[in-house]
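Presented below is the structure to which this report refers.
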Amino acid sequence: MTPSDASGGASTGASAGRWSSLDRPPLNAAALRRALVTGDGLWTSLEVVASTGSTNSDLAARAAQLSEGAVLVAEEQTAGRGRLDRSWVAPARSGLFFSVLLKPGHAVPQERWGWLTLLAGVATAAGLSRAAGVETHLKWPNDLLVAVDGEERKTGGILAERVGDGVVVGIGLNVTLTDGELPVDTAGSLVLAKASVTDRDPLLRAVLRSLEQWYGDWRAAGGDPAASGLQETYAAGCATLGRHVRAELPGGRTLTGTAEAVDTDGRLVVRTADGEREAVGAGDVVHLRSVR
């Protein structure tokens, strides 16, 4: 899995050799397994591959044979997928590209499974804050933002896909991408945001441990976003709330107004200029400049 569109990574089709001289060591798979696959926690397996098309696609294809808590990490993706079937490619070992298999089962009503995208955003932001000392904000529904020279930039994204009796959640993060490797000026990375840590091993451990904690609390609460604290925490870290936005909805319709809240179904509530409030469950949201 990778961030949700090309604005978060290097341009599609770029040659991997372009970055071969940079110091980007591989992940230590054995050490990651020792730290995370403990036998009494969520994570049941962890595999690191050198290159693949899409970790989400690979994990989804094997989901029926895997236990909940399987983790698949790729050093490089050649056909990473995001929302709306967008593609995204980044230099090998320049970020974290991984997918996890979650099976909430009967503990959580299926109508609440849609919260897993937002949960993964909260968990990732919390993990990065602790491990990298970088403040990460959330753009509804699935983008991760950092500040680079005072500007809001996208550094990652999340894609959750229903697969059989479970959900595959993919997370992509730009870690060491430089200005010259970013295709657009709205993209960012942890190194450009002056993160205190850019070693991918501790970053991955921190994000997966945070995801385990948030998922466990949410599941224990029956998926209730209020009782688990998820709804409140997401709203507190969501850069979209309070902003003037344009929502590009399925079918070509657009909705412009102020993003006021995230409701109990995880939808973005937008108040239009005429005072009407509409809940947006799917679509692209663009942050606009405030109207004076």
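Every value quoted in this text rests on a predicted model; they were computed, and no experiment measured them.
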- Item | Of Arg24, Arg200, Arg93, the residue whose pairing with Glu75 passes salt bridge (Lys or Arg N to Asp or Glu O under 4.0 Å) | Arg200
- Item | Side chain Ser228, main chain Asp224, donor-acceptor under 3.5 Å | yes
- Is a side-chain N or O of Thr44 found less than 3.5 angstrom from the main chain of Glu68, in a donor-acceptor match? yes
- In terms of heavy-atom contacts, Arg205 and Ala35 come closest through CD-CB, 3.5 Å
- Note on the structure: Across all chains, not counting sequence neighbours, the salt bridge (Lys or Arg N to Asp or Glu O under 4.0 Å) partners of Glu151 are Arg153
- Trp113 side-chain N/O to Val108 backbone N/O, donor-acceptor pair under 3.5 Å: yes
- Among Leu128, Leu173, Leu96, Asn174, which residue meets the side-chain contact (heavy atoms from CB on, under 4.5 Å) test with Leu190? Leu128
- Could you pull out all residues at least two apart from Arg162 that satisfy salt bridge (Lys or Arg N to Asp or Glu O under 4.0 Å)? none
- Message: Applying side-chain hydrogen bond (donor to acceptor under 3.5 Å, both in side chains), can you list everything that pairs with Arg267, at least two apart in sequence or on another chain?
- Response: Asp263
- Report yes if the side chains of Asn142 and Leu159 come closer than 4.5 Å at any heavy-atom pair, otherwise no. no
- Query: With side chains defined as the heavy atoms from C-beta onward, is the minimum distance between Leu241 and Val262 less than 4.5 Å?
  - Reply: yes
- Is Gln231 close to Thr264 at the side-chain level, that is, under 4.5 Å between some pair of heavy atoms? yes
- Task: Would you please name every residue forming a side-chain hydrogen bond (donor to acceptor under 3.5 Å, both in side chains) with Glu47, sequence neighbours left out?
- Result: Arg62
- Message: Counting C-beta onward and ignoring hydrogens, is there a side-chain heavy-atom pair between Leu208 and Val100 closer than 4.5 Å?
- Response: yes
- Query: Is there a donor-acceptor pair closer than 3.5 Å between any side-chain N or O of Ser99 and the backbone N or O of Leu59?
  - Reply: no
- Item | With Glu152 via side-chain hydrogen bond (donor to acceptor under 3.5 Å, both in side chains) - residues at least two apart | Arg243, His287
- Message: Going by the rule salt bridge (Lys or Arg N to Asp or Glu O under 4.0 Å), which residues pair with Asp149 if we only count those two or more places apart in sequence or in a different chain?
- Response: Lys194
- Message: Testing His244, Glu248, Lys139 one by one against Val286 for a side-chain contact (heavy atoms from CB on, under 4.5 Å), which residue passes?
- Response: Glu248
- Atom CH2 of Trp218 and atom CG of Leu230: how far apart are they, to the nearest 0.5 Å? 8.5 Å
- Task: Could you check Thr256, Leu255, Val270 and say which one makes a side-chain contact (heavy atoms from CB on, under 4.5 Å) with Val245?
- Result: Val270
